[in-house]
There are 2 protein chains.
Amino acid sequence: MSTVSKAVSLLELFTLHEPEIGLSDLARRAGLDKATARRLLMALAGHRLIEQEPKSRRYRLGAGLSRLARIRDAHFPFVRLAAPVIRELSLETGETVHLSEFSAGALLTLHVELSAKANRVNVDVGQVLPLHGTASGIAFLAASRLEVVSAYLEKPLQAFTAHTMTGPETLAKAIAFAAASGYSRSSQGYEEGVHSIGAAILGADGQPVGTLSVASPVSRIDDAIAASQGEAAVRAARMISARLTGEG
Amino acid sequence: MSTVSKAVSLLELFTLHEPEIGLSDLARRAGLDKATARRLLMALAGHRLIEQEPKSRRYRLGAGLSRLARIRDAHFPFVRLAAPVIRELSLETGETVHLSEFSAGALLTLHVELSAKANRVNVDVGQVLPLHGTASGIAFLAASRLEVVSAYLEKPLQAFTAHTMTGPETLAKAIAFAAASGYSRSSQGYEEGVHSIGAAILGADGQPVGTLSVASPVSRIDDAIAASQGEAAVRAARMISARLTGEG
DNA sequence: CCCAATCGGTTCACTATTTGAACCAGTGTT
DNA sequence: AACACTGGTTCAAATAGTGAACCGATTGGG
């Protein structure tokens, strides 16, 4: 494993729920020696990717990350353009809607608008979703080139619940449905009790760059509602695609 | 130099004006061998800190950075905590007030509250300000460790207007004033006709993390007004520092 | 109150990772 | 067609990374 990888995996230990971590803890969780972890942290701190709280001596993510993220977001304003559309879709459907970007073989959750209802699906920004087993993933695959799809389906696929689609035929059918209708549907494929509608967002080259997804408690969904959510999701995804390619 | 440092310095080559860079270019500018640069980029890409545009094969900052930055910002909400204080200061002084964060040798404008007056100073979010020549910068230097200051002053300093302070003695005097009074004063050092009062905002470790600045048309300012703006700026900066360190 | 078990941090002999010159193949330019 | 670039790869040599053992300072349970 490369040193760089080890350093970055230290950064990845920080989460929304645990934004400050001590040295020993970091080392343990990253599977590194304390001395190694400390050296890596110092290197990261030198570039402001890590900061240390002087009182508690615990470490946290640094300002340099905000800077780099600003540079990226200015150039690739996916979230900025999509957020209002996501919000609108959340209000229209009354459900939680989230936006994901494809990166390194999976979907990374970038933005979430939670439903106002008490009984709602909660999704966290930063969550990584697999391409199979989520409505978003199926929608993404349906919009991808065939070679990408078959390459992905060749690998063994993990089942997350008893409902996760892992068989090639089952998946092919779901992908075909998404390709035909523009939206995908997944019931409890990733988490029990959660129903999702997904739609792909296309970049300027026509290739999918990410997805959006409407997530509801399965108890609230029937075929008619799913279909109306699907149509709304497709409209929203097209709107974002248009904005991305400069038509907005 | 550590491998981690080299990898991060690759990330730091990307800017708002140049968000995509090719391999050879990256290697050249970072002073690394092409093979080395590529290996580091691949390691970074594995964690989504870098992405590669498949067509042009050029590299750009990755989505993982946005994810990490969001985690940091949720926990260390500089802008969120400072914004109401900035607004209050703007109302109190009747002038434009802006908030900056130190990053990579300069001050990055994060937030602006514009004056309600017709004749006012306009500042843009995202603007990068040099440490010399702006009141914010002088205030920042005055709060920094001596070694940081002397390292900065050793480099040749650009003059932005006929009034820009570039001489070491002049700057030392301005820094000494800021250190003594808590606020700095700069008249037309960065832009003609603009008078600024700056004050440093300190992090939990007592080191400055950023600044705030009151900017007025020079025609509205006399020594008494400047002094009262200075005191108000110091109060506001202290308030934000206190909030940042968890005392709010 | 004390002892044991943490904590953050440091050292240095050992070793595994990183390095870079030389090498592809491909793509414009002249 | 020759040239000067690109991005990408290889492998022996050299450098940077590693971790067990060690601090002194806190912390918390008995």
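Just so it is clear, the values below take in all heavy atoms, side chains as well, and ignore hydrogens, waters and symmetry mates. Residue numbering restarts at 1 for every chain, and letters A, B, ... go by the order of the sequence lines.
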Next on the checklist: Are more than 12 heavy atoms, taken from residues, nucleotides or ligands other than Met239(B), located less than 6.0 Å from that residue's CE atom?
Outcome noted: no

Checklist entry - If you find the nucleotide of DNA chain C closest to Met42(A) and the one closest to Met1(A), which residue's nucleotide is nearer the 5' end? => result Met42(A)

Checklist entry - Out of dA20(D), dG17(D), dA21(C), which nucleotide sits closest to the side chain of Ala35(B)? => result dA21(C)

Checklist entry - Which listed nucleotide (dT11(C), dT19(C), dG7(D)) is nearest to the side chain of Arg39(B)? => result dT19(C)

Item to check | Leu23(B) and Arg57(B), any side-chain heavy atoms less than 4.5 Å apart | outcome: no

Item to check | Presence of donor-acceptor pair under 3.5 Å, side chain of Lys34(A) and base of dG9(C) | outcome: yes

Next on the checklist: Strictly below 4.0 Å, N to O, side chains only: are Arg70(A) and Glu101(B) in salt-bridge contact?
Outcome noted: yes

Item to check | Protein-nucleotide distance (Leu40(B), atom CG; dG7(D), atom P), rounded to Å | outcome: 16 Å

Next on the checklist: Just the rounded figure in Å: distance from C1' of dT9(D) to CZ of Arg57(B).
Outcome noted: 12 Å

Item to check | Nearest-angstrom distance from the residue atom NZ of Lys6(B) to P of dT17(C) | outcome: 16 Å

Checklist entry - How about Tyr183(A) and Phe177(A): are their ring centres within less than 6.0 Å of each other? => result yes

Checklist entry - For the side chain of Arg38(A), counting heavy atoms from C-beta on, which of dG8(C), dT10(C), dG19(D) is nearest? => result dT10(C)

Checklist entry - If only side-chain N and O atoms of Tyr59(B) are considered, is one of them under 4.0 Å from the OP1 or OP2 phosphate oxygen of dG8(D)? => result yes

Checklist entry - Between atom CZ in Arg58(B) and atom C1' in dC5(D), what is the gap in whole Å? => result 15 Å

Checklist entry - Whole Å only: how far is the CG atom of Leu41(B) from the P atom of dT9(D)? => result 12 Å

Next on the checklist: Any residue in residues 20-28 of chain B with a heavy atom nearer than 4.0 angstrom to DNA chain C? Just list them by number, or reply none.
Outcome noted: none

Item to check | NZ/NE/NH1/NH2 to OD/OE distance under 4.0 Å, Arg29(A) and Glu18(A) | outcome: yes

Checklist entry - When the ring planes of Phe160(B) and Tyr190(B) are compared, do they come out parallel, tilted or perpendicular, using 30° and 60° as the limits? => result perpendicular

Next on the checklist: So if I take every side-chain heavy atom of Gln52(A) and compare against dG8(D), dG19(D), dG9(C), which nucleotide ends up nearest?
Outcome noted: dG9(C)

Checklist entry - Is it true that Arg72(A) and Glu20(B) make a salt bridge, defined as a side-chain N closer than 4.0 Å to a carboxylate O? => result no

Checklist entry - Quick one: which of dG8(D), dT18(C), dG9(C) gets closest to the side chain of Thr3(B)? => result dT18(C)

